[in-house]
Enquirer: 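After the structure tokens below, expect a handful of questions from me.
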Amino acid sequence: MKQHTTCPYCGVGCGVTAELADNRLIAVSGDSQHPANFGRLCIKGMTLPETVSADARLQLPRLHGQAISWDDAMTQLSQAITEALESHGPDSIAFYLSGQLLTEDYYVANKLMKGFLGSAQVDTNSRLCMASTVAGHKRAFGADAVPGCYADIELADLVILAGSNAAWNHPILYQRIQTARQARPAVKVVVIDPRATASCDIADLHLALRPGTDALLFNALLVYLADQGCLDQQYIEQHTQGFDETLQQARQATPNLQQAAQQTDLPLEDLTRFCEWFASTDKTLFLFSQGINQSSSGTDKVNSLINCHLATGRVGKPGSSPLSLTGQPNAMGGREVGGLANQLAAHMDFTPEHIDRVRRFWNAPNMATAPGRKAIDLFHAVERGEIKVLWIMGTNPLVSLPDTERVKRALKRCEWLVVSEPMASTDTLNLADLCLPSTTWGEKNGTVTNSERRISRQQPLLSAPGEARQDWQILCDLAQRLGFGNAFNYQHPADIFIEHAALSGFENQGSRCFDISGLSQLDQHAYDRLQPIQWPVTTTTPYGTQRLFSENRFYTPSGKAHFVPVQFRAPEQTLNDNYPLRLNTGRIRDQWHTMTRTGRSERLFQHRSEPFIDLHPQDASARQISTGDLAQVENQQGRYIGRVRLTTDQRPGEVFIPMHWNHQFSAQGRCNALIQPVTDPVSGQPESKQGAVEVRRFPARWHGQLLTRDNISAQLRGYWSRQPLAPCQQYILAETDWPGDWSNWCLQHLGQRPDGYLENPITGQFQAYATEQQRLKWWLLITPTYQPADLRQMAALFESPSLTPSQRGRLLHGLDSPQHTQVCSCYQVDEQRIREAIQSGCRSVTELGDRLSCGTRCGSCIPELKALLAQEVEHATVDLD
Ligand SMILES: Nc1nc2c(c(=O)[nH]1)N[C@H]1C(S)=C(S)[C@@H](COP(=O)(O)OP(=O)(O)OC[C@H]3O[C@@H](n4cnc5c(=O)[nH]c(N)nc54)[C@H](O)[C@@H]3O)O[C@H]1N2
Ligand SMILES: Nc1nc2c(c(=O)[nH]1)N[C@H]1C(S)=C(S)[C@@H](COP(=O)(O)OP(=O)(O)OC[C@H]3O[C@@H](n4cnc5c(=O)[nH]c(N)nc54)[C@H](O)[C@@H]3O)O[C@H]1N2
Ligand code: SF4
Ligand SMILES: [Mo]
């Protein structure tokens with residue numbers, strides 16, 4: 001059976017065709033009809049079947065570690081909420097939600113809190129993600145509305161990627177840019193990012209600016225546009241306000257390009273070229289993401305780039321717009337239902353008029369009347385003990401919020417920490433008092449909205465494991481118990497969606513941009529068959545709306561767009577003698593956030609299998625660190641340990657670490673241990689990309705590689721990182737002191753002395769294994785220096801029902817081939833094979849694909865293939881396929 005649904009990962013929002021049999025997801029492919037991806041999927045989408053099995057799922061509610069019934073769980077929760085309400089008032093209860101909930105879940109949570117419990121203490125992980133763009137849009141357009149659409153990619157002559165590594169994080173959109181550029185070679189691509197990322201592969205110009213200086217760059221562009229007479233004067237006069245002050249402000253700090261080049265650390269020539277291209281290209285599409293948003297001046301950065309678009313009249317025109325790339329699959333849906341603490345619902349605010357309107361629509365007994373706390377402040381209130389019941393849904397804040405130790409203190413302090421989560425073990429869930437098993441992708445039924453305002457259906461494909469429930473149902477159950485049953489009597493997600501659609505049109509009359517009242521008449525049948533559609537959807541635009549503001553009417557009081565004067569501010573986390581390195585954090589190609597789902601796929605670990613530290617060779621040699629060493633990144637608040645990779649892709653003085661690793665997969669791999677909780681004053685978004693740190697070599701005395709049948713993370717000390725292999729778990733270990741007796745060490749840490757071992761006192765190597773009823777239990781290799789090996793063949797011995805003598809011999813003597821970085825995850829082709837193929841004559845990505853298949857499926861590894869070609873072949877003629 002085939003079923004159309006939507007990918008649960010990034011904000012591209014690709015359509016997925018799922019193939020099912022016997023309640024199993026057999027295969028997925030790209031939905032050729034879906035306008036986001038037209039049949040393509042990236043590696044994360046393609047590996048969905050590897051991540052949906054019922055093992056590792058939370059199947060029953062748990063209270064303080066004990067399984068309990070749903071009835072007991074919800075009774076206890078409703079009592080706790082009632083008590084908190086009575087003793088401490090509504091602001092002692094809080095929800096922390098997620099851009100990965102479906103719109104229907106989100107709507108119900110927001111309605112319950114803001115309309116019925118009477119508190120606006122609801123915030124979401126979108127605060128860490130899109131809050132600066134939301135605030136920037138509202139300041140410029142009067143509404144949080146994305147003017148452009150994906151079809152602009154094929155129309156644009158200049159595509160700018162600012163603070164976005166789309167090649168890895170929005171791969172299908174990146175491929176659309178790549179294809180457009182092949183079709184029309186005149187198309188130019190500019191990447192603005194302190195690092196040279198995979199996205200630079202198709203860049204005609206890479207501006208490796210000093211971190212945090214984007215607003216200076218865009219201010220300089222504005223001044224340039226004015227000085228060169230490249231403004232759209234008519235547009236500025238008729239459709240905008242605030243231009244003169246804005247230009248004046250920009251000019252004050254950045255009077256000319258020479259100065260700007262100095263301030264941003266860019267070659268004047270490159271900066272000038274960028275300004276010339278922008279000035280002379282009408283069809284300019286400006287894509288931006290977390291390098292812009294996650295900053296203590298994120299909202300200003302957003303407005304400074306929108307200012308340049310307003311100054312040239314390039315908003316909502318074909319091929320010409322600012323277009324924010326949203327991260328999570330339903331970041332947009334959350335904004336539509338008002339999931340942020342400073343929003344109401346359906347793009348309404350906390351004004352008396354809007355509060356009253358929502359109150360009447362919901363028939364709400366306890367409307368919240370003022371905005372609640374934004375995420376960072378909310379967790380600080382939790383730390384102070386002001387929040388008695390905190391309910392976290394669909395996010396893992398112990399990993400993703402800045403200042404991990406402080407978040408941990410807060411979570412431990414909270415009297416009633418409730419976490420709804422599909423997985424059995426996550427860093428946050430493991431601190432919860434009450435764990436509620438939720439469904440997840442594949443079981444959920446509802447809608448998500450992607451970066452271009454397109455609403456798509458996620459369909460239920462599989463039955464929920466154990467007693468997992470839909471998030472909206474859990475919320476409605478609570479609402480019933482609190483006496484609000486009538487307002488939460490939904491039978492199906494369609495009922496919720498229709499109410500949400502009706503609210504968007506309620507007393508709207510064109511006053512609010514978000515209007516999907518055209519969908520408020522759907523019945524369940526039509527909802528189930530809803531085709532992807534872009535909002536607004538009204539009676540006059542029943543088929544949706546591709547671009548916004550094409551008619552130059554904005555949602556500000558004057559109807560005009562606002563220029564926002566921007567004064568540059570440097571990052572708040574300042575470098576000093578103790579912490580002289582700038583810490584950048586972000587994503588890798590094959591993992592999704594805190595790895596709760598992608599971390600279940602063996603394949604997705606082959607590209608990067610350990611927490612790592614990208615370091616410039618100059619910084620490394622100054623600290624006597626070599627490639628492959630373990631190192632610790634540290635500052636006054638925390639520590640991160642990872643494997644060093646030397647790279648000149650970033651400037652000296654800058655360090656990059658991934659955001660993904662956490663205590664389920666490593667000893668000290670949580671990057672947010674190092675980020676201070678400083679935020680943008682307008683949006684409240686944390687400055688996640690500009691930490692201040694020092695790096696030191698981790699003084700390992702020995703290195704271990706361990707395969708075990710069980711997850712034994714809790715028993716390990718020192719450095720460890722874990723990755724799943726099909727039949728077992730693989731650990732990489734390191735410690736700073738040498739144990740006297742390895743056999744004892746095994747007993748202590750692995751629960752059993754070896755059945756067989758081999759120790760070489762000269763080299764210091766120790767190799768051992770243990771069995772349980774003839775089956776392999778664990779295998780261990782200790783070496784004084786780290787020699788990574790591909791252990792997949794050794795791991796296969798876990799499948800042997802009874803180890804033969806020759807297998808036992810292999811366990812002590814054999815070692816698989818050295819480990820090489822996997823480049824193509826689809827066809828599992830590693831770096832070594834690719835280098836060999838190049839050495840034996842392959843000269844292009846196509847030839848590599850013909851020989852090894854690499855790069856021929858999802859295409860995400862093509863930038864890496866090209867980089868290897870360039871490294872291996874001097875003056876290689878590399879195809880741009
Ligand atoms: N593979 C994968 N894809 C994902 C996700 C994932 O976890 N894994 N997550 C999704 C989510 S929720 C999001 S929000 C998006 C994020 O997508 P992106 O924004 O592309 O992701 P990041 O890697 O966090 O950051 C992008 C770039 O910002 C750069 N940067 C750092 N500081 C600055 C600066 O001061 N100025 C500029 N111009 N750039 C800077 C970094 O070097 C980095 O390359 O990805 C989505 N897609
Ligand atoms: N330093 C640094 N920190 C960052 C970032 C960065 O670039 N640098 N990026 C930030 C950004 S942009 C983002 S979006 C966040 C992401 O950070 P998080 O939101 O914390 O990360 P996820 O791993 O996506 O967490 C989602 C959780 O919800 C669970 N889940 C999945 N499906 C469902 C469901 O249907 N219902 C429920 N109830 N739960 C579900 C998952 O198993 C997982 O535990 O991280 C932010 N933090
Ligand atoms: S690009 Fe994003 S939405 Fe599309 S398949 Fe990949 S992760 Fe899923
Ligand atoms: Mo995000």
Side-chain angles (χ1 to χ4, degrees), residues 6-16 28 30 34 36-37 40-48 57-58 96-102 105 124-131 166 168-175 289-291 293-294 325-331 375 392-402 404 419-423 425-429 436-444 446 448 450-451 458 468-471 474 583-587 591-599 657-660 662 664 670-675 685-689 691 858 860:
T6 312
C7 178
Y9 296 124
C10 84
V12 177
C14 295
V16 171
V28 292
H34 198 289
N37 56 321
R40 283 175 169 262
L41 286 184
C42 81
I43 184 69
K44 295 183 296 302
M46 220 129 53
T47 45
L48 278 166
R57 289 288 298 273
L58 179 64
Y96 183 57
L97 310 175
S98 162
Q100 292 169 73
L101 295 172
L102 304 189
D105 302 318
T124 130
N125 65 356
S126 283
R127 187 68 63 193
L128 320 177
C129 180
M130 304 314 303
W168 282 7
N169 303 327
H170 297 93
I172 300 304
L173 289 186
Y174 180 79
Q175 288 179 19
S289 197
Q290 298 314 339
N293 289 330
Q294 287 173 342
L325 296 181
T326 55
Q328 301 180 88
N330 202 28
I392 296 171
M393 237 173 277
T395 174
N396 195 356
L398 187 52
V399 185
S400 52
L401 274 177
T404 310
V419 178
S420 301
E421 169 64 50
M423 298 304 162
S425 181
T426 75
D427 288 12
T428 303
L429 184 77
L436 301 175
S438 75
T439 53
T440 183
W441 183 86
E443 301 140 19
K444 297 196 84 151
V448 288
N450 73 3
S451 298
Q458 263 193 24
R469 286 190 184 173
Q470 310 289 355
D471 289 300
I474 306 173
L583 179 73
N584 185 359
T585 67
R587 291 157 171 77
Q591 290 295 343
W592 177 260
H593 293 165
T594 71
M595 307 162 94
T596 61
R597 286 171 290 168
T598 44
I657 61 175
M659 66 161 296
H660 306 286
N662 54 74
Q664 307 301 307
R670 287 192 284 223
C671 79
N672 277 305
L674 302 164
I675 300 289
Q685 180 151 357
E687 187 180 67
S688 315
K689 288 197 163 19
C858 87
S860 301

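Keep in mind that this is a model prediction, so the values were computed, not measured. Every number for a ligand or one of its atoms is a count from 1 in the order of the listing.
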Enquirer: If you count the atoms of ligand 2 from 1 in the order shown, which ones are under 4.0 Å from a heavy atom of G394?
Expert: 26 (C), 27 (C), 28 (O), 37 (C), 38 (N), 39 (N), 40 (C)
Enquirer: Hey, which atoms in ligand 2 end up nearer than 4.0 Å to a heavy atom of S420?
Expert: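 Within the 4.0 Å cut-off of S420, ligand 2 contributes 37 (C), 38 (N), 39 (N).
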Enquirer: Using the side-chain contact (heavy atoms from CB on, under 4.5 Å) rule, take W168 and R587 through it: C-alpha gap first, then chi angles, then the decisive distance, then the call.
Expert: CA-CA 8 Å; W168 282 7; R587 291 157 171 77; over 6 Å; no
Enquirer: Of the options D427, N396, T596, which is the one that meets Q664 in a side chain to side chain donor-acceptor pair (under 3.5 Å)?
Expert: D427
Enquirer: Using a 4.0 Å cut-off to any heavy atom of M423, which atoms of ligand 2 qualify?
Expert: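 Counting atoms of ligand 2 from 1, those under 4.0 Å from M423 are 42 (O).
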Enquirer: Nearest heavy atom to atom 19 (O) of ligand 2 wins, so pick from N125, T404, T440.
Expert: N125
Enquirer: Could you tell me which atoms of ligand 3, counted from 1 in the order shown, lie closer than 4.0 angstrom to a heavy atom of K44?
Expert: 7 (S)
Enquirer: For ligand 3, which atoms sit closer than 4.0 Å to a heavy atom of Y9?
Expert: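 Those atoms are 7 (S).
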Enquirer: Of Q458, K689, Q100, Q328, which has the heavy atom at the shortest distance from atom 24 (O) of ligand 2?
Expert: Q100
Enquirer: Tell me, which protein residue and heavy-atom name are nearest atom 36 (N) of ligand 2, and how many Å apart are they?
Expert: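 Closest protein heavy atom to atom 36 (N) of ligand 2: D471 OD2, 2.8 Å.
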Enquirer: Assess, by modelled atom type and distance only, whether the side chains of Q328 and N125 contain a donor and an acceptor separated by less than 3.5 Å.
Expert: yes
Enquirer: Considering only protein heavy atoms, which is closest to atom 2 (Fe) of ligand 3, and at what distance to one decimal place?
Expert: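 The closest one turns out to be C10 SG, 2.3 Å.
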Enquirer: Going by the atom numbers of ligand 2, which of them fall below 4.0 Å from some non-hydrogen atom of K444?
Expert: 34 (C), 35 (O), 36 (N)
Enquirer: Any idea which protein heavy atom is nearest atom 2 (C) of ligand 2, and the distance to it?
Expert: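 Result: T585 OG1, 3.4 Å.
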Enquirer: Please list the nearest protein heavy atom to atom 41 (C) of ligand 2 with its residue and the distance rounded to 0.1 Å.
Expert: T596 OG1, 3.2 Å
Enquirer: May I ask you to identify the nearest protein heavy atom to atom 29 (C) of ligand 2, giving residue, atom name and distance to one decimal place in Å?
Expert: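 Residue, atom and distance for the closest contact: E421 OE1, 3.2 Å.
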Enquirer: Under the side-chain contact (heavy atoms from CB on, under 4.5 Å) rule, what do Q100 and T395 come out as? Steps first, then yes or no, please.
Expert: CA-CA 8 Å; Q100 292 169 73; T395 174; 5.9 Å; no
Enquirer: With the threshold set at under 4.0 angstrom, would you say W592 reaches ligand 2 through any of its heavy atoms?
Expert: yes
Enquirer: With atom 10 (C) of ligand 2 as the reference point, say which of Q685, Q294, R469 has the nearest heavy atom.
Expert: Q294
Enquirer: I'd like to know if T439 contacts ligand 2, where contact means a heavy-atom distance under 4.0 Å to any ligand atom.
Expert: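 Yes, that is the case, since the closest heavy atom of the residue is under 4.0 Å from the ligand.
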Enquirer: For residues N169 and L325, determine if any side-chain heavy atom of one lies less than 4.5 Å from a side-chain heavy atom of the other.
Expert: no
Enquirer: Could you tell me, atom by atom, which parts of ligand 2 come under 4.0 Å of a heavy atom of T594?
Expert: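 The list of qualifying atoms is 21 (O), 22 (P), 23 (O).
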Enquirer: Of all heavy-atom pairs between K689 and T585, which one has the smallest distance, and what is that distance?
Expert: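 Between these two residues, the closest heavy atoms are NZ-O, 2.9 Å.
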Enquirer: What protein heavy atom lies closest to atom 3 (N) of ligand 2? Include the residue and the distance to one decimal.
Expert: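 In this structure, atom 3 (N) of ligand 2 has N672 ND2, 3.0 Å as its nearest protein heavy atom.
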Enquirer: Between the main-chain N or O of L398 and the side-chain N or O of T428, is there a donor-acceptor pair closer than 3.5 Å?
Expert: yes
Enquirer: Could you please spell out the steps behind the side-chain contact (heavy atoms from CB on, under 4.5 Å) verdict for Q294 and E687?
Expert: CA-CA 5 Å; Q294 287 173 342; E687 187 180 67; over 6 Å; no
Enquirer: Who's the nearest protein heavy-atom neighbour of atom 37 (C) of ligand 2, and how far?
Expert: S438 OG, 3.2 Å
Enquirer: Using side-chain hydrogen bond (donor to acceptor under 3.5 Å, both in side chains), reason through N330 and Q458 one step at a time and then give a plain yes or no.
Expert: CA-CA 11 Å; N330 202 28; Q458 263 193 24; over 6 Å; no
Enquirer: Heavy-atom contacts with P171 under 4.0 Å: which atoms of ligand 3 show up? List them by number with element.
Expert: 1 (S)
Enquirer: Give the atoms of ligand 2, by number and element, whose distance to some non-hydrogen atom of C671 is under 4.0 Å.
Expert: 1 (N)
Enquirer: Tell me, do P686 and I675 make a side-chain contact under 4.5 Å, heavy atoms counted?
Expert: no
Enquirer: Whether the side chain of Q685 engages the backbone of C129 through a donor-acceptor N/O pair (distance < 3.5 Å, no angle test) should be reported.
Expert: yes
Enquirer: So, does H170 use its side chain to make a donor-acceptor pair with the main chain of T326 at under 3.5 Å?
Expert: yes
Enquirer: Please check this pair: side chain of W441 against backbone of T6, looking for a donor-acceptor N/O pair closer than 3.5 Å.
Expert: yes
Enquirer: Taking atom 12 (S) of ligand 2 as the point of reference, which of M659, R587, H593 owns the nearest heavy atom?
Expert: R587
Enquirer: What do the steps show when you test T47 against T598 for side-chain contact (heavy atoms from CB on, under 4.5 Å), and what is the final call?
Expert: CA-CA 8 Å; T47 45; T598 44; 5.7 Å; no
Enquirer: Look at the N, O or S atoms of C7, main chain and side chain alike, and state whether any lies under 2.8 Å from atom 8 (Fe) of ligand 3.
Expert: yes
Enquirer: Quick one: does N662's side chain have a donor or acceptor within less than 3.5 Å of a partner on H660's backbone?
Expert: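 The answer is yes, because a donor-acceptor pair under 3.5 Å joins these two groups.
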Enquirer: In terms of residue, atom name and distance, what is the protein heavy atom nearest to atom 40 (C) of ligand 2?
Expert: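 The protein heavy atom lying closest is P422 CD, 3.2 Å.
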Enquirer: Of all the atoms in ligand 2, which lie at a distance below 4.0 Å from a heavy atom belonging to S688?
Expert: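 The atoms of ligand 2 under 4.0 Å from a heavy atom of S688 are 1 (N), 2 (C), 8 (N).
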Enquirer: Using atom types as modelled and distance alone, determine if a side-chain donor or acceptor of S860 lies under 3.5 Å from a backbone N or O of C42.
Expert: no
Enquirer: Give me the residue, atom name and distance of the protein heavy atom closest to atom 15 (C) of ligand 2.
Expert: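 Checked against all protein heavy atoms, atom 15 (C) of ligand 2 sits closest to S400 CB, 4.0 Å.
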Enquirer: What's the shortest heavy-atom distance between P329 and C7, and which atoms?
Expert: CB-O, 4.1 Å
Enquirer: For atom 1 (S) of ligand 3, which protein heavy atom lies nearest, and how many Å away is it?
Expert: I172 CG1, 3.4 Å
Enquirer: Closer than 4.0 Å to some heavy atom of C129 - which atoms of ligand 2 meet that?
Expert: 12 (S), 14 (S)
Enquirer: Identify which of L97, L128, T426 has a heavy atom lying nearest to atom 46 (C) of ligand 2.
Expert: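 Of the listed residues, L128 has the closest heavy atom.
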Enquirer: Give a yes or no on whether C42 keeps an N, O or S atom under 2.8 Å from atom 6 (Fe) of ligand 3.
Expert: yes
Enquirer: Give the C-alpha distance, both sets of side-chain angles, the deciding distance and a yes or no for side-chain hydrogen bond (donor to acceptor under 3.5 Å, both in side chains) between N672 and T404.
Expert: CA-CA 6 Å; N672 277 305; T404 310; 5.8 Å; no
Enquirer: Any N/O/S of C14 under 2.8 Å from atom 2 (Fe) of ligand 3?
Expert: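 Of the N, O and S atoms in C14, none lies under 2.8 Å from atom 2 (Fe) of ligand 3, which means no.
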Enquirer: Could you tell me which atoms of ligand 3, counted from 1 in the order shown, lie closer than 4.0 angstrom to a heavy atom of G13?
Expert: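 Matching atoms, with element in brackets: 3 (S).
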Enquirer: Look at the side chain of Q470 and the backbone N and O of E443, then say whether any donor-acceptor pair between them is shorter than 3.5 Å.
Expert: yes
Enquirer: Distance under 4.0 Å to a non-hydrogen atom of L41: what atoms of ligand 3 satisfy this?
Expert: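 By the 4.0 Å cutoff, the relevant atoms are 5 (S).
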